Peer 1: 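Input: one structure, supplied below.
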Amino acid sequence: MKTLFDKIWDRHVVDTLPDGTVQLYIDRLYCHEVTSPQAFDGLRRRGLKPLRPDRVICVADHNIPTVNQDKPISDLVSRHQVETLEKNCREFGLTYYGIRHPRNGIVHVTGPELGLTLPGMTVVCGDSHTSTHGALGAVAFGIGTSEVEMTLATQCLLQRKPKTMRINVDGRLRRDVTAKDLALFLISKMTTGGATGYFVEYAGETIRNCTMEERLTICNMSIEMGARGGMIAPDEKTFEYVYGTDFAPRWDAWDKSKAEWTALCSDDDAVFDAEFSFRAEAVEPMVTFGTNPGMAMGIRERIPVPESAEDSERSSWLKALEYMGFEPWEPILDKPVDYVFLGSCTNGRIEDFAAFASIVKGKKKADNVTAWLVPGSHTVAKQIRARNIDKILEEAGFELRQPGCSACLAMNDDKVPPGKYVVSTSNRNFEGRQGPGARTILASPIVAAAAAITGKITDPREIYTYES
Amino acid sequence: MKERFETITSTCVPLPLENVDTDQIIPARFLKATTKDGFGELLFHDWRFDKAGDPNPDFVLNRGRHKGIILVTGKNFGSGSSREHAAWAIAGYGFRAIVSSFFADIFKNNALNNGLLPVVVSQLFLAETLDLLAEFPEAMLTIDLPEQTIHSHLSGRVESFEINPFKKECLIKGHDDIDYLLSRKDIIEAYEKRV
């Protein structure tokens, strides 16, 4: 009667304190340059060394430029932060995948694709989108810098056991409706804080039919409904995805691991603290219209306003619409678009580039649109070339950039100017997220591609007959 | 050793918005520092300052009507990123406690790890406090951590709040999790041998 989450969590309990706080063992710690420097300083101040350096992987991704990666980073503050990570890795003997390293990429893209995250693991990183790794059947969650320091020093965290939630999705997704649309749909139903305090397991026919990359997209967005993490029981698709990756177990060890992983599923009589069910057919291609990912709707709908009498909710909502330059009840279709961003740990994988290419193939990018296409890792960039997707994109007037987090949070030079609209395949449409004053509309790679071709918000189901 | 937390009584700064995310608390472009210093000056930067970098006179931190070491704000405060810089910015500005009807999980842990107390109150307590503050900037709250109570002086309302006992003790004694975990190294090694 255990849930998938319980099975993995219980196995990692080192000890339980009298008040119920759990000392949890962490199998994998990922660090990036932004949330780690103060943790390493903490170690130095206390005269400590990482307890299990072989369990720690460090990657530069947030700050790095997506052009001219062969040259030094021109932003000196960014350069200092990236160099600080490199120095810390050298000092403490940690694995480091820096800029241009073949294993470099966004930590949540490169980790799973290298087999550094495996089913049954506990995985943490000073980054809320660590929830992505749950797609492999791992307990993965974001932590703060103090907790990064704790994990470095002791390979453990002190945690309260979160509540469990299961979200079941059954039925078939309609044509041109992707995993990203499903994620935005679920967040719009659950609201941006609706799963706070919970760890979510996604289950049901639709989820089982999703590819691994689609599952990574869904788990990635779990944090946007407030969930500590999201996860999916490992199955044959998971094993196929992991098999043969650089760090996956091999030979006898593989057979043994696979047998253990096969048992990682919620028991039939497992009880969740909360459970919700949805139908896949109800999901339309989605877009956001406000300043949190819960403010999402079907692309053909009109911008809603809550009937709530609560002042703080209403004023937050209207403030969001004002920031976006939208009026209540107006349609979002045909709104002009200035920028398109394809990439991020949400949608920066090969299937995302293939989907984008399938829409723009044989068409031309709209002149009024600036498009940033940023692969999630060097491996993804290689796959794009191997499948000749780069040629299709080039012929349609698009250029590929080099891997990194890029415009998702605009810590590098990829900033959307104030007041401009960007259709973005990333995960957050917060005020200023993609540059001060930038107006973000979150969407799938397919909706982003349609906007890139027409220069306005377009239902992708209409693009097949569109002449550019 | 962090600053010890016991009982505080203070006027409050109201921010009557919901879902205040970490990008509003501290925008990503300010996360390039490699120390914890200086984030207080950047707290709520893009609401607090205009494009030219001048203080926005309408923002609560600039208006001068409300002062204090307690921030009172709408539900789901601190949603979004895991950046601890958000907690450093709020603590760095001088706040010691934040009152809301619920907090985002990672933010809540980050706050507790920095001697900043997140106090979860009922919707009613929150709405009433925000209403009172709009009219009476001198309204005071007392937060008693050992007793786990929050007292609104003007309305007379008292509520108790939850906090995990371990974190409570850390806050009161000024300890942190690492001090504790380091004392348990043998248990960690025994676990590693067991699995």
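These numbers were taken from a predicted model, which means no experiment stands behind them. Residue numbering restarts at 1 for every chain, and letters A, B, ... go by the order of the sequence lines.
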Peer 1: Using a 4.5 angstrom heavy-atom cutoff, name the option from B:R29, B:R184, B:K51, B:R194 with the most pairs to chain A.
Peer 2: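 Top count of heavy-atom pairs under 4.5 Å with chain A: B:R184.
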
Peer 1: Which of the residues B:I106, B:N110, B:L126, B:T22 is involved in the greatest number of heavy-atom pairs with chain A at under 4.5 angstrom?
Peer 2: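 Top count of heavy-atom pairs under 4.5 Å with chain A: B:I106.
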
Peer 1: Given heavy-atom pairs under 4.5 angstrom as the criterion, report whether the side chain, backbone, both or neither of A:P293 touches chain B.
Peer 2: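 Neither part; nothing is under 4.5 Å.
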
Peer 1: At a heavy-atom separation under 4.5 Å, does B:H85 approach chain A through its side chain, its backbone, both, or neither?
Peer 2: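 When you check distances to chain A, only side chain atoms of B:H85 fall under 4.5 Å.
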
Peer 1: Quiz question: by atom type and distance under 3.5 Å, do the side chains of B:K36 and B:N114 form a donor-acceptor pair?
Peer 2: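 No pair is found: no donor N or O on one side chain lies under 3.5 Å from an acceptor on the other.
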
Peer 1: May I ask you to decide if the ring planes of B:F59 and B:W47 are parallel, tilted or perpendicular, using 30° and 60° as cut-offs?
Peer 2: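 It falls in the tilted class, 30° to 60°.
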
Peer 1: Select, from B:V20, B:D23, B:N19, B:V195, the one with the greatest count of heavy-atom pairs under 4.5 Å involving chain A.
Peer 2: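 Winner by heavy-atom pair count: B:D23.
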
Peer 1: Could you tell me if B:S82 and A:D127 have a donor-acceptor pair between their side chains, going purely by distance under 3.5 Å?
Peer 2: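 The criterion, which ignores hydrogens and geometry beyond distance, is not satisfied for B:S82 and A:D127.
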
Peer 1: Please tell me whether B:Q24 and B:D21 have a donor and an acceptor in their side chains that are separated by less than 3.5 angstrom.
Peer 2: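 On atom types as modelled, these side chains qualify, holding a pair under 3.5 Å.
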
Peer 1: What part of A:D75 is in contact with chain B, defined as an atom under 4.5 angstrom from a non-hydrogen atom: side chain, backbone, both or neither?
Peer 2: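 Just the side chain, heavy atoms under 4.5 Å.
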
Peer 1: So which residue, A:L17, A:L85, A:L409, A:T130, ends up with the most heavy-atom pairs under 4.5 Å with chain B?
Peer 2: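 Of the options given, most contacts go to A:L17.
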
Peer 1: Non-hydrogen atoms of chain B under 4.5 Å away: do they reach the side chain of A:T84, the backbone, both or neither?
Peer 2: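 Just its side chain gets close to chain B.
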
Peer 1: Determine the option with the most heavy-atom pairs under 4.5 angstrom with chain B, choosing from A:T35, A:T154, A:N427, A:I223.
Peer 2: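 Top count of heavy-atom pairs under 4.5 Å with chain B: A:T154.
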
Peer 1: Please tell me whether A:S222 and A:S131 have a donor and an acceptor in their side chains that are separated by less than 3.5 angstrom.
Peer 2: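 Absent: no donor and acceptor within the cut-off.
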
Peer 1: Does any backbone or side-chain atom of A:Q23 lie under 4.5 Å from a heavy atom of chain B? Answer side chain, backbone, both or neither.
Peer 2: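 The answer is the side chain of A:Q23.
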
Peer 1: Has B:E41 got more than 12 heavy atoms of other residues, nucleotides or ligands less than 6.0 Å from its CD?
Peer 2: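 It does not: B:E41 CD has 12 such atoms or fewer within range.
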
Peer 1: At a 4.5 Å cut-off on heavy atoms, which part of B:P165 comes close to chain A: side chain, backbone, both, or neither?
Peer 2: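 Contact with chain A involves both backbone and side-chain atoms of B:P165.
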
Peer 1: Tell me, side chain or backbone of A:V148 under 4.5 Å from chain B's heavy atoms, or both, or neither?
Peer 2: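 Neither part.
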
Peer 1: Does A:D27 come within less than 4.0 Å of A:R55, counting only side-chain N to carboxylate O?
Peer 2: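 Yes, charged N to carboxylate O under 4.0 Å.
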
Peer 1: B:H45 vs B:F49 aromatic rings, parallel, tilted or perpendicular, using cut-offs 30° and 60°?
Peer 2: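 Aromatic pair B:H45/B:F49 classed tilted.
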
Peer 1: A:S78 versus chain B, heavy atoms under 4.5 Å apart: side chain, backbone, both or neither?
Peer 2: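 Its backbone and side chain both get close to chain B.
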
Peer 1: Find the one option among A:T21, A:I143, A:N292 whose heavy-atom pairs under 4.5 Å with chain B are most numerous.
Peer 2: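 Heavy-atom pair counts peak at A:I143.
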
Peer 1: Flag the one option from B:D46, B:N109, B:D105, B:N76 with the top tally of heavy-atom pairs under 4.5 Å to chain A.
Peer 2: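 Answer, by heavy-atom pair count under 4.5 Å with chain A: B:D105.
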
Peer 1: Side chain, backbone, both or neither: which part of B:K185 has a heavy atom under 4.5 Å from chain A?
Peer 2: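 Only the side chain of B:K185 comes within 4.5 Å of chain A.
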
Peer 1: Can you classify the ring geometry of A:H12 versus B:Y191 as parallel (below 30°), tilted (30 to 60°) or perpendicular (above 60°)?
Peer 2: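 Taking B:Y191 first and then A:H12, their aromatic rings sit tilted (interplane angle of 30° to 60°).
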
Peer 1: Within a reach of under 6.0 Å around CD of A:E322, are more than 12 heavy atoms found that belong to other residues, nucleotides or ligands?
Peer 2: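 No.
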
Peer 1: Report yes or no: do B:K75 and B:Q123 form a side-chain donor-acceptor pair below 3.5 Å?
Peer 2: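 Per modelled atom types, B:K75 and B:Q123 side chains form no pair under 3.5 Å.
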
Peer 1: Go through the atoms of A:R433 and report whether side chain, backbone, both or neither lie under 4.5 Å from a heavy atom of chain B.
Peer 2: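 Answer is both: backbone and side chain atoms of A:R433 are under 4.5 Å from chain B.
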
Peer 1: Please assess A:E33 against A:H80 for the test side chain to side chain donor-acceptor pair (under 3.5 Å), listing each intermediate value before the final yes or no.
Peer 2: CA-CA 10 Å; A:E33 75 276 22; A:H80 176 70; over 6 Å; no

Peer 1: For chain B, find which of A:N412, A:V77, A:L158 contributes the most heavy-atom pairs closer than 4.5 angstrom.
Peer 2: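 Heavy-atom pair counts peak at A:L158.
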
Peer 1: Sort B:Y180 into side chain, backbone, both or neither according to what part of it lies under 4.5 angstrom from a heavy atom of chain A.
Peer 2: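 Contact with chain A is through the side chain of B:Y180 alone.
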
Peer 1: What part of B:F30 gets closer than 4.5 Å to chain A, counting heavy atoms only: side chain, backbone, both or neither?
Peer 2: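 Nothing of B:F30, per the 4.5 Å heavy-atom cut-off to chain A.
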
